[in-house]
Amino acid sequence: MAPAKQAGMWLIQFISFLVIFSVIYIVFPFEYLFDVYSDKVGFITETDWSDMVLFSIMAVSVLMNAVLIFLVGSARKKG
């Protein structure tokens, strides 16, 4: 595979990650989950909450992107 094609594929995969991450971040009900979590666990600082939420959203985004890349790669290989 040519370097330009590899760079293009990487860019498409990175953009798909950004789209997945952005959608999850926009749709995520921060206030509701913060209230539920703090009721069950107790006091939590906003910094700790933000760290947990950002890590969770990133982890889910990476996993979803990996699955998407796998499915597209499998479909391309069959076709």
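- Counting non-hydrogen atoms of neighbouring residues, nucleotides and ligands closer than 6.0 angstrom, the OH atom of Tyr37 reaches no more than 12 such neighbours.
- With hydrophobic clusters built from ILVMFWY side chains whose heavy atoms lie under 4.5 angstrom apart, Ile26 does not share a cluster with Leu33.
- Below 30°, between 30° and 60°, or above 60°: for Phe34 and Trp49 the angle between ring planes is above 60°, a perpendicular geometry.
- Heavy-atom neighbours of Glu46 CD from other residues, nucleotides or ligands within 6.0 Å: at or below the threshold of 12.
- Heavy-atom neighbours of Phe28 CZ from other residues, nucleotides or ligands within 6.0 Å: above the threshold of 12.
- The distance from atom CD1 of Ile15 to atom OG of Ser22, rounded to the nearest 0.5 Å, is 11.5 Å.
- Considering Ile12, Asn65, Ile69 in turn, Asn65 is the only one that fulfils the side chain to side chain contact (heavy atoms under 4.5 Å, CB included) rule with Phe17.
- Partner of Ile20 under the side chain to side chain contact (heavy atoms under 4.5 Å, CB included) criterion, out of Ile24, Leu18, Val23: Ile24 alone.
- Leu63 and Leu68 are members of different hydrophobic clusters when ILVMFWY side chains are connected at heavy-atom separations under 4.5 Å.
- Taking hydrophobic clusters as Ile, Leu, Val, Met, Phe, Trp and Tyr residues chained together by side-chain heavy-atom distances below 4.5 Å, Phe55 does not share a cluster with Met64.
- Within the model, atoms CG of Leu11 and CE of Met9 stand 11.0 Å from one another, a figure rounded to the nearest 0.5 Å.
- Here Arg76 contributes atom CZ and Ser74 contributes atom OG; the two are 11.5 Å apart, rounded to the nearest 0.5 Å.
- Considering only heavy atoms from C-beta on, Asp48 stays 4.5 Å or farther from Phe43 through its side chain.
- Through chains of ILVMFWY side-chain contacts below 4.5 Å, Leu71 is grouped with Val67, Phe70.
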